[in-house]
Protein chains: 2
Amino acid sequence: MTRIGSRTTGRPTLAEVARLSGVSPITASRALRGISTVAPALVEKVITAAASLGYVANPAARALASARSHSVVVLIPSLSNQLFIDTLEAIHEVLRPRGMEVLIGNYHYDAAEEEDLIRNYMAYQPCGMLLTGFDRSDAARQMLQASGVPCVHMMELGDSEKAISVGFSQIEAGRAAARHLLESGRKRLAFVAAQLDPRVMQRAEGFRQVLAEAGKSAPELELLAPQLSSIGLGGELFSDLLAKAPDVDGIFFCNDDLAHGALLQALRQGVDVPGRVAMVGFNDLPASAHMVPPLTSIRTPRAAVGRGAAQALLALLDGKQVAVSRQDLGFELVVRESSC
Amino acid sequence: MTRIGSRTTGRPTLAEVARLSGVSPITASRALRGISTVAPALVEKVITAAASLGYVANPAARALASARSHSVVVLIPSLSNQLFIDTLEAIHEVLRPRGMEVLIGNYHYDAAEEEDLIRNYMAYQPCGMLLTGFDRSDAARQMLQASGVPCVHMMELGDSEKAISVGFSQIEAGRAAARHLLESGRKRLAFVAAQLDPRVMQRAEGFRQVLAEAGKSAPELELLAPQLSSIGLGGELFSDLLAKAPDVDGIFFCNDDLAHGALLQALRQGVDVPGRVAMVGFNDLPASAHMVPPLTSIRTPRAAVGRGAAQALLALLDGKQVAVSRQDLGFELVVRESSC
DNA sequence: GGGTAATAAGGTAGCGCTGTCCCAGGACAC
DNA sequence: GTGTCCTGGGACAGCGCTACCTTATTACCC
């Protein structure tokens, strides 16, 4: 029966566990939370009693009494990107076994929406937050600061010692792509991007640096589309680029979706890849290895970032000082046929 | 400063809102919850006061006092499948504006894990649950039943009047694929599947029915791989199938990932699609329209299912009897070059 | 052996809301 | 004018936990 209107939950409470194990509720609470001042014999008794009753602590009561929940808020700019799915999954894997609840906020690459999410999620008194990158509104930054909720930043590396970050250097990734294309003999290099978030722009920056160093800067070969990235858009941008600059012989795409679209478009148009133009993607999504030809891409440690960020947060909560405030997990250029 | 150890949250409380607006806390509570027994003038005063203080209700206190939270638990079998991402996103879109929190549980196509998730999430006293399909352990079913939490089932259609479902007929989808391939003149039809969840098996069933009705049953042309589906696997299964049964001239893949892998493999092997063999996918992921050749696929109303399920749940919570307990949102066969 | 210091357990009192009574006062019928 | 309803608003208590303080009990030193 639905107990609508009832004030009790019908579930076993801490008091019942305490009664069954012959201790006071506080001792039971401490035993279940693993607080060391309880005698091992009692701890065992309490745990047995809890198990036999099927007791699960009421998170609402817990949060109310301690002014701190066991929720971790994760803010990501997009769900439709496979990238963040892998990260989320890894975060769950680390936090759930530790009894943490994961609240996901998708702000659709919109600073105002992120701010709003932060304001709302603060009401849940989260015990920690995992944020994507460092780029956010001043108001958002202030709310985070004022709340005192521990934060870990994902995907980028911060410059300050205070902000904890787990990720890799987006600039270096851009540099690696450019270097690889130059080393394989390409001379007219293009950068094609959509969804111009800060990380994309950092990769662009790295790419530009290497071109400049090699005396091969070509700002006219940069295609920066503000709209959401997609396979279809990748095909269009590729066609546009080739029409505009037929001498292009190497392209770095800001993500694999665009690159996949371009590869398929090249197939349709009969453009030889890598013969006429080499392509490099970013993220190394599962499909990249199976494209025709297989796509060279920069493999990003998406799952590792999620795991690392979650673990760093747990360490913060345990009061340990996090050893490295800037955890660089690197990336890997996976060279395949599309760029040889 | 982190207020570790403090018992209060430092955030404005209902009592402060009440004081500022000159009413009692209960009246303030009622006003903010939109309970009609409060005079309009007072309601406005309370809302103004709340806004000026930046008051956001403490969900933990709320859940504790009413023995019911504002969380909705969504259980899905996989996150790595784009399919469920679209559904989740739509659910969020409907529930967040109504002040509901969405808790996501991914059970990785594992019944025991789903059961575990249900047990744990019950502690949050969710006000509703959105479930994927009907296939779950008896223990899980019993917990759901006993808890009295309103449930809506997604993706499949139930047979009972009591279980509320929003989805489409998986069997009909399988039938549609088979019918289309037969109508375009194909004679030796294969079914290729991985990740054999109940919905995949229902599509298989529909596919078989039509073949049987046309006297074209070919059980030897069914490839059922239990492992997780992926692009790579699609390619492998396609090669295997072609080697084993060179006379196959039409294939229905249980999802687009497999079909994409097969299309790419066909390109590599120089197998003419649709000349030698026609292909039909399922889900119509964004990439399908851009494949070479473009992939015929069955477009599933993923977002609509999420929206519909969330709205049905809201209706249930408002005490409205849901008009249709079985909401069939249909599907659409999108015919493209791969099957013509 | 008495004093101090640690240690283990419990008592008490909320955390911030809302369900459940209850009461005041106006509308209405007789 | 009295009784009955209804309606808007408030008092009260308690949801199930944990922070804080207090009290027993032991350990250990000089």
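These figures come from a predicted structure and were not determined experimentally.
End-to-end axis angle of the helix from C:dG1-D:dC30 to C:dC30-D:dG1, using five pairs per end and rounding to 10°, comes to 40°.
In this structure, the separation between CG on A:L131 and OH on A:Y107 is 8.0 Å, given to the nearest 0.5 Å. The OG atom of A:S78 sits 8.0 Å away from atom CG of A:L83, with the distance rounded to the nearest 0.5 Å.
Contact annotation: A:T27 side-chain N/O to C:dG10 OP1/OP2 distance is under 4.0 Å. A:S66 has no side-chain polar atom (N or O) that falls below the 4.0 Å cut-off from OP1 or OP2 of D:dT18. Within the 4.0 Å cut-off from OP1 or OP2 of D:dC17, at least one side-chain nitrogen or oxygen of A:Y55 is found. Remark: B:S29 is in phosphate contact with C:dT18, judged by side-chain N or O atoms under 4.0 Å from OP1 or OP2.
Side-chain proximity of A:A61 to the nucleotides D:dG16, D:dG10, C:dA9 is greatest for D:dG16. Relative to the side chain of B:A65, the nucleotides C:dT18, C:dA8, C:dG11 differ in distance, and C:dT18 lies closest. Side-chain proximity of B:N58 to the nucleotides C:dT18, C:dG16, D:dG10 is greatest for C:dG16.
Across the protein-nucleic acid pair, A:R68 atom CZ and D:dC17 atom P stand 20 Å apart, rounded to whole Å. Regarding B:R62, its CZ atom lies at a distance of 10 Å from the P atom of C:dG19, rounded to whole Å. Remark: P of D:dT22 and CD1 of A:I26 are 15 Å apart, rounded to the nearest angstrom. Between the P atom of D:dG16 and the CG atom of B:L64 lies a distance of 7 Å, rounded to the nearest Å.
In this model, a side-chain donor or acceptor of A:R30 finds a partner on the base of C:dG10 within 3.5 Å.
Between the side chain of B:S71 and the main chain of B:P126, no donor-acceptor pair closer than 3.5 Å is present.
Geometric assessment of B:R96 against the ring of A:Y121 yields a positive cation-pi assignment under the 6.0 Å and 45° thresholds.
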